[in-house]
Amino acid sequence: MTQIKRQYGPARRPGELGVHSLDHFALTVPDMEKARAFYEAFGLDARSEGNALGLQTFNGLQRWGLLIEGPTKRMHHLSFGVFEDELDLFKRHVESVGVALLDPPAGIPSNGLWFRDHDGMLIELRAAPKTSPDAKSSGQFQSSPPGVAGAPKRSQSPFIRPTRLAHCLLFTRDVPSAVSFYSRVLGLRLSDRSGDDIAFMHGIHGSDHHLIAFARSNAPGLHHCSWDVRSLDEIGLGAMQMVGKGYRDGWGLGRHVLGSNYFHYVRDPWGSYSEYSCDMDYIPVDQNWIAGNHDAEDAFYVWGPNPPQDWTHNHEADQQKR
Ligand SMILES: [Fe+2]
């Protein structure tokens, strides 16, 4: 059934309203050149858009990130993709659940719907191609057949370029309220959670285990953006690529429990992180995932080094106090 549908377009769950993709994130940052240097080293295509910087991957035209100059690093907005023929339905739906629609922010061209979430963060719903995958992304690999050496010479290691934005982890004042809002208004579904500390959500039209996640804090903010690479080997190569460019701080190599992905996080110039990720659990369009509530020990990582001491510190909250 699913295969038949895919001959005619992306995976789509009939008769149910929900965003299909995390389209892009937008941040203000205080130093555009530092931002460009970091994300280019990470393997992204940073392109000037007037005074802003767009973050693309090298395999298409999708802009996954937008960086706008501002006094501090801070979440500006989060944009989700919806099927074009559902934008009007979403407009009526958002209004019907009592959420006020807003004009697009100044300087951001948009024909999408804008509103604020439970925590005051700006959200856009835009008609856009489905960029969340229609099948599980790769992760395991065999580097060479028997009788052939698999590893490249270190001096000839490939430069790692992620293939897509995978998800964002956001800080929020209230995780259950976040789950309620994003379920009710955007049609996302809970994948797994650990009490009221962290929750992971997926799209209903075929999606990774999470395209967005929420962690408890005293203010909204971005903890990390995550980028899919092709293999565990590429995660290791990416980590070394960043060390070679002077970005030594981070966390990894490891494997998460919820979502199951392998990871290495690199600390950005503002104390948040960019994650190399692969082999994330996948929730097909025709499956209803049973969400679990997991003890903290079973919600974080299976193996890996100890996380940095300030792993859960919200640097954006510090700035908001000033
Ligand atoms: Fe992540």
Side-chain angles (χ1 to χ4, degrees), residues 17-30 32 35 46-56 61-132 165 167-174 177-188 201 203-205 211-212 214 217 219-222 225 270 272 316-317 319-320 322:
L17 195 62
V19 301
H20 57 57
S21 305
L22 175 60
D23 190 80
H24 69 268
F25 64 93
L27 299 174
T28 59
V29 294
M32 299 298 278
R47 297 188 180 198
S48 296
E49 295 184 20
N51 294 327
L53 203 60
L55 300 179
Q56 296 182 206
L61 297 175
Q62 176 72 19
R63 189 190 66 191
W64 306 103
L66 179 65
L67 307 176
I68 305 161
E69 191 157 10
T72 62
K73 174 254 172 178
R74 193 165 178 178
M75 272 303 293
H76 185 275
H77 69 263
L78 208 53
S79 176
F80 292 86
V82 307
F83 292 115
E84 190 170 9
D85 57 13
E86 290 187 346
L87 195 60
D88 284 343
L89 280 174
F90 256 111
K91 182 171 187 289
R92 290 199 290 274
H93 170 68
V94 170
E95 288 174 324
S96 75
V97 295
V99 174
L101 291 172
L102 308 169
D103 290 333
I108 301 209
S110 168
N111 56 7
L113 309 173
W114 291 82
F115 53 89
R116 292 194 180 274
D117 75 1
H118 67 291
D119 230 357
M121 192 175 69
L122 205 49
I123 303 289
E124 180 194 28
L125 303 187
R126 64 194 303 258
K130 182 173 186 282
T131 55
S132 63
L165 175 69
H167 60 266
C168 287
L169 172 59
L170 301 171
F171 290 117
T172 179
R173 296 183 183 93
D174 187 333
S177 292
V179 172
S180 169
F181 184 92
Y182 282 79
S183 303
R184 191 167 50 92
V185 183
L186 283 79
L188 293 171
M201 303 190 78
I204 60 171
H205 299 293
L211 51 76
I212 191 167
F214 297 97
S217 180
L222 175 73
C225 51
W270 308 281
S272 44
E316 288 180 53
Q319 292 154 5
Q320 288 171 44
R322 285 176 200 153

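Considering only heavy atoms from C-beta on, Leu211 comes within 4.5 Å of Phe80 through its side chain. Side-chain contact check for His93 versus Glu86: every heavy-atom pair is 4.5 Å or farther apart. Val99 has its side chain within reach of Phe181: a pair of non-hydrogen atoms, C-beta onward, lies under 4.5 Å apart. Counting only heavy atoms from C-beta outward, the side chains of Met201 and Leu186 never approach each other to under 4.5 Å. At least one side-chain heavy atom of His118 sits less than 4.5 Å from a side-chain heavy atom of Thr172.
Distance check, rounded to the nearest 0.5 Å: NE2 of His76 to CE of Met121 gives 11.5 Å. Of the inter-residue distances, the one linking His24 atom NE2 with Cys168 atom SG reads 10.5 Å to the nearest 0.5 angstrom. One finds the CE atom of Met32 at 5.0 Å from the CG atom of Leu53 (value rounded to the nearest 0.5 Å). Put simply, CG on Leu113 and OG on Ser79 are 10.0 Å apart, with the number rounded to the nearest 0.5 Å. With rounding to the nearest 0.5 Å, the separation of OG in Ser177 from CZ in Arg184 is 9.5 Å.
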Side chain to side chain contact (heavy atoms under 4.5 Å, CB included) between Phe171 and Leu222, worked out:
CA-CA 6 Å; Phe171 290 117; Leu222 175 73; over 6 Å; no
Legend entry - Derivation and outcome, side chain to side chain contact (heavy atoms under 4.5 Å, CB included), residues Phe83 and Lys130: CA-CA 7 Å; Phe83 292 115; Lys130 182 173 186 282; 4.2 Å; yes
Practice task
Evaluate the side chain to side chain contact (heavy atoms under 4.5 Å, CB included) criterion for residues Ser96 and Arg92: first the C-alpha distance (whole Å), next the side-chain angles of each, then the deciding distance (0.1 Å), finally the verdict.
Solution key: CA-CA 6 Å; Ser96 75; Arg92 290 199 290 274; 6.0 Å; no
*Stepwise side chain to side chain contact (heavy atoms under 4.5 Å, CB included) test for Leu22 and Leu78*: CA-CA 8 Å; Leu22 175 60; Leu78 208 53; 3.9 Å; yes
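For the salt bridge (Lys or Arg N to Asp or Glu O under 4.0 Å) condition, no pair includes a residue of residues 99-117, sequence neighbours left out.
The heavy-atom pair separating Ala46 from Leu55 by the smallest distance is CB-CD2, 4.1 Å. Across all their heavy atoms, Gly81 and Asp23 have their closest contact at N-CB, 3.9 Å. A pairwise comparison of heavy atoms in Leu122 and Pro105 identifies CD2-CG, 3.6 Å as the closest pair. When every heavy atom of Glu124 is checked against every heavy atom of Ser110, the shortest pair comes out as OE2-OG, 2.6 Å. Heavy atoms only, all atoms of each residue included: Asn111 and Leu87 are closest at O-CD2, 3.8 Å. Heavy atoms only, all atoms of each residue included: Ser183 and Val179 are closest at OG-O, 2.6 Å.
In this structure, His20 contributes its side chain and Ala128 its backbone to a donor-acceptor pair below 3.5 Å. The backbone N or O of Met75 sits less than 3.5 Å from a side-chain atom of Glu316, completing a donor-acceptor pair. When atom types are taken as modelled, the side chain of Thr28 and the backbone of Ile68 share no donor-acceptor pair closer than 3.5 angstrom.
Partner of Val185 under the side chain to side chain contact (heavy atoms under 4.5 Å, CB included) criterion, chosen from Leu125, Ile123, Val94: Val94. The ring pair (Phe, Tyr, Trp, His ring centres under 6.0 Å) with His77 is formed by just one residue from the set Phe115, Trp114, Phe25; it is Trp114.
For CD of Glu95, the number of neighbouring non-hydrogen atoms (other residues, nucleotides, ligands) closer than 6.0 Å is greater than 12.
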